[in-house]
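The structure appears right after this line, and notes come after that.
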Amino acid sequence: MPELPEVETVRRGLHELIIGRTIKSIREFESPKSFPNAASDIKTFLIGASVIDVRRRAKVLLIDLSSEYTLVVHLKMTGQLVFVGNTAGPAVASAPTSRSHARLEVGVAPRDVTHGFRDLERFGAGHPNDSLIGELPDRSTRVAVAFTDGSHLYFNDQRKFGWMKLFPTVEVPNIDFMKKVGPEPLEDAFTASAFIERIRRRNGTTIKAAILDQTVLAGVGNIYADESLWGAKIHPVVRVRDVTDKQLAVLLKEIKYVMNLAIEKGGSTDKNYVNAEGKRGSYIDFARVFRQEGKACPRHPDVIIEKIRVAGRGTHICPVCQLQ
DNA sequence: CACTTGACCTGTCCGC
DNA sequence: TGCGGACAGGTCAAGT
């Protein structure tokens, strides 16, 4: 689920909420894969340690502890890290329903001419940043971290693909994932020429598969792949070798643009994603193609967005702007 | 080696 | 209403 903007939103929330808190206890909920090395390390390096920083690399969260260990968390598809405690008040609102985040419908919403977004200010006005979380722990809770002040951090994960692991902080850069993962797309140092050089190693595959490849660049997932390819007017099934350098430069610009906007909107909540306070993100309400099949392309009022399958993933395109 | 596919899980939705 | 199958935002391992 969470891609770079969602993980960054969680990071910012946790940075505000848990730094300085001290771990009192850890409770697991019969899901050993969710915290595979807990048994050996829990008491020595977690209990009594306090949180000194919350960082992010790619789609991974890094919670640094005073014990010089780091809790590394990957949310995968349905993971959530939700804080419940005094600073933010209880994250409990009304009981959620699966339909509680229905899309806003606006009859004639104006559109951003350049990027195809409906008017970002007006369209978002009054949008409730709903809580999607009921009382915790719930049946998706895999690990609960209790702090000494009575607050809690819950790791929820319906599909159990996500995990948290404890590593010595100095070892974090040596984790396999960290060694393989590509550059952060939002860093200024990641220029068009750097992007082009890396993605050309995947010349034989489709452009969508290539930008989803975390070793090419970090953080792009299915939502922002589709959104940025539409922005750059590139069809997702085109082979990388058939995309020009100029188009690749535009694509990187679109990736950066879409991710920055998504961070501003608190990420995309389709089903499960919530921020550190259990609340939804709103980028999905502005999405131009993702989950917009059957609706008009923002650039072409008479053209319907289609859903196809590329690289094994549901893929949304405008068949006119994204000519094959 | 480069690339594609299936597996990991649970839940939901859709068609019969 | 019930049931089977497809599908869901990510990554690996195993296959071609």
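Treat the numbers as computed from the prediction; the structure is a model and nothing was measured. Below, chain A is the first sequence line, B the second, and so on; all start at residue 1. Just the heavy atoms: all of them, side chains too, but no hydrogens, waters or symmetry mates, feed the values below.
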>> Is it the case that the base of C:dA8 and the side chain of A:R159 share a donor-acceptor contact (distance under 3.5 Å, atom types as modelled)?
In response: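 In this structure, the two groups form a donor-acceptor pair.
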Taking only the [atom1] atom of each, what is the distance from [N] to [M] in whole angstrom?
N      : M     : atom1 : value
B:dC14 : C:dG9 : P     : 16 Å
B:dG6  : C:dA6 : C1'   : 15 Å
B:dA7  : C:dG5 : P     : 15 Å

Which of these nucleotides, [options], is closest to any side-chain atom of [X]?
X      : options                : result
A:R202 : B:dC3, B:dC9, C:dG10   : B:dC3
A:F177 : C:dG10, B:dT10, C:dC12 : C:dC12
A:R309 : C:dG9, C:dA8, C:dC12   : C:dA8
A:R291 : C:dA8, C:dG10, B:dT4   : C:dA8
A:H74  : B:dT4, B:dC9, C:dG10   : C:dG10
A:Q158 : B:dG11, B:dC3, C:dT11  : B:dG11

Please state whether the phosphate of [N], meaning OP1 or OP2, lies under 4.0 angstrom from any side-chain nitrogen or oxygen of [X].
X      : N      : answer
A:R313 : C:dC7  : no
A:K59  : C:dG10 : yes
A:T78  : B:dT10 : no
A:R139 : B:dT10 : no

Starting at [atom1] of [X] and ending at [atom2] of [N], how long is that distance when rounded to a whole Å?
X      : N      : atom1 : atom2 : answer
A:N272 : B:dC13 : CG    : P     : 12 Å
A:K180 : B:dC1  : NZ    : P     : 14 Å
A:K208 : B:dT4  : NZ    : P     : 14 Å
A:I199 : B:dA2  : CD1   : P     : 15 Å
A:R142 : B:dC9  : CZ    : P     : 11 Å
A:M178 : C:dT11 : CE    : P     : 12 Å
A:K271 : C:dC7  : NZ    : C1'   : 8 Å
A:Q214 : C:dG9  : CD    : P     : 14 Å

> What is the nucleic acid contact for A:G312, judged by heavy atoms within less than 4.0 Å: base, sugar-phosphate only, or nothing?
Replying inline: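 Since no nucleic acid heavy atom lies under 4.0 Å of A:G312, the category is nothing.
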> Base, sugar-phosphate, or nothing: which does A:G162 touch, judged by heavy atoms less than 4.0 Å apart?
Replying inline: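 Contact class for A:G162: none.
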> Does the gap between the ring centers of A:Y257 and A:H115 come in under 6.0 Å?
Replying inline: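 Yes, ring centres under 6.0 Å apart.
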> Would a line drawn from the ring center of A:Y154 to the ring center of A:F83 be shorter than 6.0 Å?
Replying inline: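 No; A:F83 has its ring centre 6.0 Å or more from that of A:Y154.
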From [X] [atom1] over to [Y] [atom2], what is the distance, rounded to the nearest 0.5 angstrom?
X      : Y      : atom1 : atom2 : value
A:R291 : A:I223 : CZ    : CD1   : 7.5 Å
A:I207 : A:I234 : CD1   : CD1   : 5.5 Å
A:F195 : A:L251 : CZ    : CG    : 4.5 Å

> Does any N or O in the side chain of A:E3 come within less than 3.5 Å of the main-chain N or O of A:Y224, such that one atom is a donor and the other an acceptor?
Replying inline: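 At least one qualifying donor-acceptor pair exists.
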> Given A:Y283 and A:E227, is the side chain to side chain donor-acceptor pair (under 3.5 Å) satisfied, shown in steps?
Replying inline: CA-CA 11 Å; A:Y283 178 90; A:E227 289 287 290; 2.5 Å; yes
> Is A:F161 stacked on the base of B:dC8, with ring centres under 5.5 Å apart and planes under 30° apart?
Replying inline: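 According to the criterion (under 5.5 Å, under 30°), yes, A:F161 stacks.
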> Want to settle it: does A:W163 or A:H316 sit nearer the 5' end of DNA chain C, counting the closest nucleotide to each?
Replying inline: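 Comparing both residues, the 5'-ward one is A:H316.
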>> Counting Watson-Crick and G-U wobble pairs with both distances under 3.5 Å, what is the dot-bracket string for DNA chain B, 5' to 3', using [ ] for crossing pairs and | for pairs to another strand?
In response: .|||||||.|||||||
>> Can you list everything that forms a salt bridge (charged side-chain N to carboxylate O under 4.0 Å, His left out) with A:R11? Sequence neighbours excluded, please.
In response: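 Counting only residues at least two positions away or on another chain, A:R11 forms a salt bridge (charged side-chain N to carboxylate O under 4.0 Å, His left out) with A:E8.
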> Do A:E28 and A:R142 meet the salt-bridge criterion of a basic N to acidic O distance under 4.0 Å?
Replying inline: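 A:E28 and A:R142: not salt-bridged.
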